[in-house]
Number of protein chains: 2
Amino acid sequence: MVRTRATVRDLRRQNRSVLLTALFLDGPLSRQQLSSTTGLSAATASTITGELLDEGLLVEAGSVESDGGRPRVLLRVNPAFGHVIGVDVGETGIKVELFDLAMTRLSTVDHPLAVVEPVAVCELIAAGVGEVLSAAGVAASSVLGVGVGVPGTVEQGTSAVVHAQTIGWDAVPLEKMLRAAGVEPPLYVENGAKTQGQAEMWFGAGRGTRHAVIALVGSGVGVAVVTGGVVHRGATSNAGEWGHTTIAYGGRRCRCGARGCLEAYAGAEAMLGRYREALRRDVPRLDEQSALEDLLSSRSAVARRVVDESVGYLGAGIANLVNLFNPELIVLGGWAGLALGARKLDEIVAATADHALRHPFGQVRLELGRTGPDAVAVGAATLPVAVLLETGAHHRD
Amino acid sequence: MVRTRATVRDLRRQNRSVLLTALFLDGPLSRQQLSSTTGLSAATASTITGELLDEGLLVEAGSVESDGGRPRVLLRVNPAFGHVIGVDVGETGIKVELFDLAMTRLSTVDHPLAVVEPVAVCELIAAGVGEVLSAAGVAASSVLGVGVGVPGTVEQGTSAVVHAQTIGWDAVPLEKMLRAAGVEPPLYVENGAKTQGQAEMWFGAGRGTRHAVIALVGSGVGVAVVTGGVVHRGATSNAGEWGHTTIAYGGRRCRCGARGCLEAYAGAEAMLGRYREALRRDVPRLDEQSALEDLLSSRSAVARRVVDESVGYLGAGIANLVNLFNPELIVLGGWAGLALGARKLDEIVAATADHALRHPFGQVRLELGRTGPDAVAVGAATLPVAVLLETGAHHRD
DNA sequence: GAGGCTTATTTTTAGGCGCGAACTAACCTC
DNA sequence: GAGGTTAGTTCGCGCCTAAAAATAAGCCTC
């Protein structure tokens, strides 16, 4: 359903957006190709790219000979037009990364943090922004925006407010605080699972897909639902709490207080917890990732039972996503999801098949995530880029 | 993310659509009001409404005095501009209803059918279309479209194909068959739950809501998810199979073959089935609706246990929707949902609260559906109207 | 009941936009 | 270097919305 009126200016904005997006996603293209892929006339493609070249958003990128005729001049988004910064606020520290407009990583800073306390986090982010800029020799003025991925949910009002139970944040006005700490560029605060989903859609397994669900299994469990290239946020940006959907009515107590949540069975924390319970003793105090690796590679009957059960629950959880969303693609990501998927993908698919309806199951593929450990930061950095592309970087309003 | 290029013509189409939609949904409005609510300039509002008046899409609807100045002339969609037909293909027969463009019901035809067999259904629909038209004295040429709500899922290709397990339809090319049976107007085939959801959004509890979930509990269980006024279809129009999401891992066998589906606990069929099991005898052979009424009003301990358990499962299922979609509104509809909700709404809300995360739960309201038993037909009839509004009834392409 | 006032709608004018056609540019082959 | 081929640009047309000006249609006052 159409939302609002349109003016002549909106036309130009939209067409700029279409061209810019095509160039960003599908690499260098000639005006010719742009015209045919976007459906714009050659005349319009030419005028708009001319405008974008003048503004410095595009640059020429060599040329390609054409059968006997004038060679095509390739155009691409000017990587140096501006820069974007992605921040990953994790449970053990923060990571700040600087990218150019081609999403090439220019520099990275990691700051471990024993206690992820809001004020300290904001100061570290402010410092980190300065550090990545000076490390890469990039001027602060060329930063188009800073994206911040946080655990928990984000209320997107006039100023973003974060609710993150796992790190004890209750209604933290992060945007205001970052501003106060001296972060000047436009800010985009978003749930980390959603930024990671965005990264997977743009650069990972989701490329070119319209309806996808990115399931993130880490210590906990979350999901990003993408429809037509847009991450589903819900009424108040709380959508995607897959981990706390009931999958075993009346079952295990979850840390959220309810019983039978998926996260009480399928996340790394839950798997390790159930393993400890089954063993009736504590496993060695390793960090969670090594502990999970040990569990997954253990040949003990107990370990295998715990893992197999988890695979079953995870499959049922994935089947629920298949039945509710009917996506073309489900991406299994998150460090624990990747670890489990690397060993047990076939079993997960089988468990999904057991619980999903035949028809939607027949139309979905299940793939492992392809983005690395800094997907949250990359995804966060795409937020300002997405805005640039959507508005077509229109100078006037 | 913007999809495709736009031309000057698209501008006009969109603005026509905006005006037409405003007039359709918010009753008679003056050009003045149209201009301020849509944001279009008074000049443009005037030109476009003039055009629409000329084309017969709008009519004047009296005038309202304004403080001392020229009175406002009210405009509204011309109810007689065209008519739409909604068809409800149920498990026990078909219903055909004729509406004018103000969605006033002009005539209705019911055809019970012992066996819902595709060819017979198509012939009955073709006959029904003729009957409702002649009953109301409406010319076939003024029918803008026929919407058909069917159980099961609909593959929307070049021609709609229906998969409906409950009535034994496997890949029935309904659109082609209806065409062959002599139904001439444009056809819109859609899943009945989704058409019912559409009706609830336009005329029922969902009015004015952007993010809503309409949960339909009848014999089985389904859901329509609405985001920004659009029903979510998924990659292949299979989305919303809420009834077959796993809620009790390893639990009761469902008719879909899997274990622990919500539908195995919360639909009317499941409730009655569990009641029979608990009683260890068959309940009297009533029709399903009376049987459910009896169960709900029974004071026996067994009946109350079955009902209370169902409420618990249903609440957990609703909580899953809250956690995954974060809607502002959940509408509980369907005949069984309404019957249960009329008696147990508070308990359902409490059960939902037990399983949902606090934050998204705090932002959702749970309401009972307000559309009557022919919501499927009404919703189906809105399909052609939605197309008319979206395209702005643009004459040229 | 004439003139002034207020508000709604229409007409006029100006500035933008995309498209098709005509035109120019840049290469190749012979 | 002439002719052919393909890529990109320029120009005029028709369409669009917005702002300003003009007109319409009531009310109020004297």
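Here is how names work: the chains are called A, B, and so on, in the same order as the sequence lines, proteins then strands, and each is numbered from 1. Computed from a predicted model, the values in this text were never measured in an experiment.
Residue B/Asn15 has a polar side-chain atom (N or O) positioned under 4.0 Å from OP1 or OP2 of D/dT17. Contact annotation: B/Arg9 does not reach the phosphate of C/dC19 (side-chain N/O to OP1 or OP2, under 4.0 Å). In this structure, A/Ser41 reaches the C/dC19 phosphate: one of its side-chain N or O atoms is under 4.0 Å from OP1 or OP2.
A straight line from CD of A/Gln33 to C1' of D/dT6 spans 13 Å, rounded to a whole angstrom. A straight line from CD of A/Glu51 to P of C/dG18 spans 9 Å, rounded to a whole angstrom. In this entry the distance linking CZ of B/Arg70 with C1' of C/dC5 reads 16 Å, nearest Å. Between A/Arg12 atom CZ and C/dC17 atom C1' there is a gap of 7 Å when expressed in whole angstrom units. When rounded to the nearest whole Å, the span between CD of B/Gln14 and P of C/dG18 equals 15 Å. Between A/Leu11 atom CG and C/dG18 atom C1' the separation is 8 Å, expressed in whole Å. One atom, CG of B/Leu34, and another, P of C/dT7, lie 19 Å apart when rounded to the nearest Å.
Residues meeting the ring-ring contact (aromatic ring centres under 6.0 Å, His included) test with B/Phe99, sequence neighbours left out: none.
As judged by a 4.0 angstrom heavy-atom cut-off over every strand, B/Ala45 is placed among residues making no nucleic acid contact. Using a 4.0 Å heavy-atom distance criterion, B/Ser46 is classed as a base contact.
Mapping A/Arg72 and B/Val8 onto DNA chain D by nearest heavy atom places A/Arg72 at the nucleotide closer to the 5' end.
Ring geometry, A/Phe325 versus B/Phe325: the interplanar angle falls from 30° to 60°, so the pair is classed tilted.
The side chain of B/Arg31 has C/dT9 as its nearest neighbour among D/dT10, C/dT9, C/dG18.
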